[in-house]
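Working notes for the structure below.
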Amino acid sequence: MNTETPKTDKPLDFIRQIIAEDIATKKHEEITTRFPPEPNGFLHIGHAKSICLNFGVAAENNGTCHLRFDDTNPDKESTEYVEAIKRDVHWLGYDWGEHLYYASDYFTQLYNFAVKLIEMGKAYVCHLSGEEMRTYRGNLTEPGKKSPYRDRSIAENLQLFEQMRNGEFDEGTCVLRAKIDMASPNFLMRDPVLYRIMKTSHHRTGDKWCIYPMYDFTHCLSDMLENITHSLCTLEFENNRPLYDWVLDTLQTPCHPQQIEFARLNINYTVTSKRKLLELVEDSLVSGWDDPRMLTLSGLRRRGYTPASIRAFCEGIGVGKRESWIDMGILENAIRDDLNTNAPRVLGVLDPLKVVITNYPEDSTETLEALNHPQNNQMGKRMLPFSRELFIERSDFMENAPKKFFRLSEGREVRLRYAYLITCAKVIKDENGEVVELHCTYDPESRGGNAPDGRKVKGTIHWVSAAHSLQAEVRLYDRLFTEEFPDADKEIPFKNFLNPDSLQVLTDCRLEPNLANASASDRFQFERQGYFCIDSEDSSAQHLVFNRIVTLRDSWAKLAGKK
RNA sequence: UGGGAGAUGGUCUAAUGGCAAGACAGCGGACUCUGACUCCGCUUAUCGGGGUUCGAAUCCCUGUCUCCCAGCCA
C-alpha cells in the first residue's frame with residue numbers, strides 16, 4: 001500500500017500551512033488527526049476528501065491519524081455501517097493501525113465530565129419540553145430567555161442527572177444543558193443540550209446507557225482524550241467552534257485540539273449526502289449502497305474506480321474554505337488518467353454486427369499478435385483468433401456515410417485492428433431494411449494490418465472472431481441525475497431528476513476470448529470504447545457481466561453531435 | 001433581521017505588496033494500426049466603488065452577492 005504523497009513544489013493548502021507553522025514553532029512535536037464518521041450510512045466521495053486530508057496530513061508529518069466512530073445516536077447507527085466504513089477506508093488505501101476508537105468507549109468519561117460541569121455550576125438539568133425550549137431559544141434578532149430550571153442547585157442537578165442515567169425519566173422529559181449565555185448571537189451558545197434521554201439499545205454498549213451525549217459535547221472531548229492536535233471538519237461546523245472551545249476551556253482539559261474548518265466536496269449531477277443516498281437505497285431507486293452509479297466508495301469500487309484515482313482526484317481538487325462545485329468530468333478524468341497508463345487493452349464488441357470475409361477460407365483459423373498496451377511494451381502481447389466470420393461494432397458501419405466517416409461503408413476499406421484490411425462488398429438486410437450482415441473481402445497481403453503497397457487506410461476498427469468470442473452482458477452507466485444541481489430547489493424533490501438512462505444493459509456483447517480469465521480486480525480498456533471491469537456481484541464464468549467504468553474521450557461523437 | 005464564513009476565466013485551484021499561474025472543459029492544429037493517448041497553439045478571470053502605495057487579487061474603508069446557524073442530528 002503506497003499512499004505516500006510525493007514531495008512536490010505544490011503549494012501547501014491553508015490547513016497544511018497552519019500545521020507546518022505549528023511544527024516550526026514547536027507548538028506540537030507530533031501531529032495527530034482523526035477521521036470521525038458516524039456509522040449511519042456508507043462513505044461517499046465527499047468522505048474520501050476528508051480521509052485523504054486527515055490521513056494525508058498525518059502521514060506527511062510522520063504523525064498519526066485515528067479512525068473514530070462518532071456513535072452517539074443509536075437510533076441511526078449500526079455495526080453494519082461500522083464494518084462498511086472500515087472496509088472502505090482500507091480500500092481507499094489508509095491504515096489506522098491500532099488507532100481505532102469509538103466515542104461510545106468514552107461514555108463513562110464523558111458522563112464524569114458532565115458531572116464535573118454540574119459541580120462547577122456550568123450545567124443543569126432542564127425540564128422544558130422540546131417545544132418550549134425552541135420558544136425560549138429566541139430567534140435571529142431576539143435573545144433567548146432563561147429556562148426556569150436554570151438556577152436549580154448543584155445538588156439538585158447532580159441528583160436529577162443521576163436519575164436520568166438510571167432511567168427514572170421518560171424520553172423527552174428532560175435534558176442536561178450547558179449554562180452559557182441565552183443572549184449569545186450564536187444559537188449554539190444559548191445553553192446547548194449536552195445529554196438527552198434515549199431508551200434505545202446501542203450497537204456497542206447495548207442497554208448500559210439510556211442517556212447519550214450530544215455531538216458538541218462528545219466531539220471535542222473525544223479529540224482531547226485522543227490527544228488530537230488538529231481537528232479538521234467541514235464549514236458547517238464553524239458555528240460550533242466556540243462551543244467546542246468552551247467545553248474544553250471550562251473543563252480546563254490538559255489538551256485542547258484546534259478545530260479547523262474546510263469546504264466540503266460538492267460534485268454536480270449527483271448528490272453527496274448520506275440522507276439522500278439512504279433515500280435512494282431505501283426506495284430501491286438504485287440497487288444498493290454499492291450501486292455503480294452511486295458516488296459511494298463501495299459504488300465507485302464496484303464501478304471499477306481505483307483507489308489511486310480517487311486519491312489523485314482528492315489531491316487535485318485542493319482544500320480551501322470556499323464552497324465549490326467540482327465538475328463530474330474531473331472525477332472521470334482521474335480514472336481515465338490512471339487506467340490509460342495501467343489498463344491492458346482488449347477488443348470487445350458491444351453491439352455486434354456480423355461480417356463474413358467472403359474470400360477467407362472456410363473452417364480456417366489463425367492467430368494474430370496484439371499489443372496489450374501500445375505505449376508500454378512491458379505489458380506484453382497476446383494472441384487473437386481470426387476466422388471467416390467476425391463481429392464488428394454496428395456503429396462502425398454506415399450506409400451513405402459522409403466523407404469524414406473513417407469507418408466501414410459499402411465500397412470502403414478499413415483496417416481490422418492487428419488483423420487485415422477489409423473492404424465492404426455487400427450489405428445484407430432483413431425484410432425491415434435493417435442491416436444484418438456485411439460481406440467483405442480481405443487483403444491477404446495485409447496480415448497484421450499493413451498493406452505491402454503502403455496504401456494508407458484512415459480507419460481502424462475493433463472486431464472479434466464470431467466462433468471464438470465470449471458472450472457477455474455489459475452495463476453502461478451514465479450520470480444518475482439529469483440536473484446539474486438536483487437538490488438545488490428545496491421545493492422539488494431531488495428524486496424527480498433521476499436520469500432514466502443512467503443504466504443501459506447490453507446482453508449480447510462479444511468479447512475476445514482472452515477475457516475468459518479475467519478476475520474481478522482486473523480493469524481493461526476495450527479499445528475505442530472505454531474502460532471496463534467484471535462486476536464483482538453478478539458476474540460468473542457462465543454469465544460474464546462487465547461494468548463500464550468510464551468511456552474514452554470521443555471526438556467523433558462530439559463532431560457528429562454538432563451536426 | 002443577529003452572528004459566523006466566503007467571493008480569481010465555464011469549473012476548480014495557485015499567486016501570502018512585485019510579470020495573475022496550473023488543471024479540467026472549450027476551440028484550432030499536428031501525430032496516430034484506438035476519431036484514444038501524446039504534442040502544439042488559442043479564447044476566457046481578480047464581485048462593485050473609494051483609499052493607502054512607486055506598485056494591490058493581496059492592506060484599509062464601503063457597498064453588493066452567496067453559504068451556514070433557531071434538532072433532545074452529526
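Lettering follows sequence order; numbering is per chain, from 1. The structure presented is a predicted model; accordingly, all values stated were derived computationally and were not measured.
Rounded to a whole angstrom, the distance from the C1' atom of rU44(B) to that of rG22(B) is 15 Å.
Contact of Arg528(A) with rG35(B) (side chain to base): no donor-acceptor pair of N or O atoms is detected under 3.5 Å. Residue Glu315(A) places no side-chain atom within donor-acceptor reach of the base of rA23(B), judged by atom type and a 3.5 Å distance cut-off alone.
Checked against Arg336(A) for a side-chain contact (heavy atoms from CB on, under 4.5 Å), the options Ile549(A), Val550(A), Leu552(A) give a single hit: Val550(A).
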Review item, nucleotides 63-70 of chain B N/O atoms under 3.5 Å of protein N/O:
from: rC67(B); atom 1: O2'; to: Glu323(A); atom 2: OE1; distance (Å): 3.0
from: rC67(B); atom 1: O2'; to: Glu323(A); atom 2: OE2; distance (Å): 2.6
from: rC68(B); atom 1: O2; to: Asn239(A); atom 2: ND2; distance (Å): 3.3
from: rC69(B); atom 1: O4'; to: Asn239(A); atom 2: ND2; distance (Å): 3.1
from: rA70(B); atom 1: O2'; to: Arg137(A); atom 2: NE; distance (Å): 3.1

Check the interface with nucleotides 15-17 of chain B: list each N/O to N/O pair with the protein under 3.5 Å, or write none.
from: rU16(B); atom 1: N3; to: Gln17(A); atom 2: OE1; distance (Å): 3.2
from: rU16(B); atom 1: O4; to: Gln17(A); atom 2: OE1; distance (Å): 3.1
from: rU16(B); atom 1: O4; to: Gln17(A); atom 2: NE2; distance (Å): 2.3

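Side-chain N/O atoms of Arg336(A) include none lying less than 4.0 angstrom from OP1 or OP2 on rA25(B). The phosphate of rA36(B) has OP1 or OP2 within less than 4.0 Å of a side-chain N or O from Ser555(A).
By the side-chain hydrogen bond (donor to acceptor under 3.5 Å, both in side chains) test, Arg345(A) is found to be paired with His373(A), residues two or more places apart in sequence or in another chain being considered.
Proximity of residues 163-184 of chain A to RNA chain B (heavy atom under 4.0 angstrom from any strand atom) is restricted to Gly172(A), Val175(A).
rG35(B) has Trp556(A) stacked on its base ring, the centres lying under 5.5 angstrom apart and the planes within 30 degrees of parallel.
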**Item:** Dot-bracket summary - RNA chain B, pairs being Watson-Crick or G-U whose distances fall under 3.5 Å, with | when paired to another strand
**Value:** .((((((..((((....[..)))).(((((.......)))))....(((((..]....))))))))))).....
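Under the salt bridge (charged side-chain N to carboxylate O under 4.0 Å, His left out) criterion, no residue pair touches residues 162-179 of chain A, with sequence neighbours excluded.
Within the 4.0 angstrom heavy-atom criterion, base atoms lie near Asn450(A).
A donor atom on one side chain and an acceptor atom on the other are found under 3.5 Å apart for Asp223(A) and Tyr244(A).
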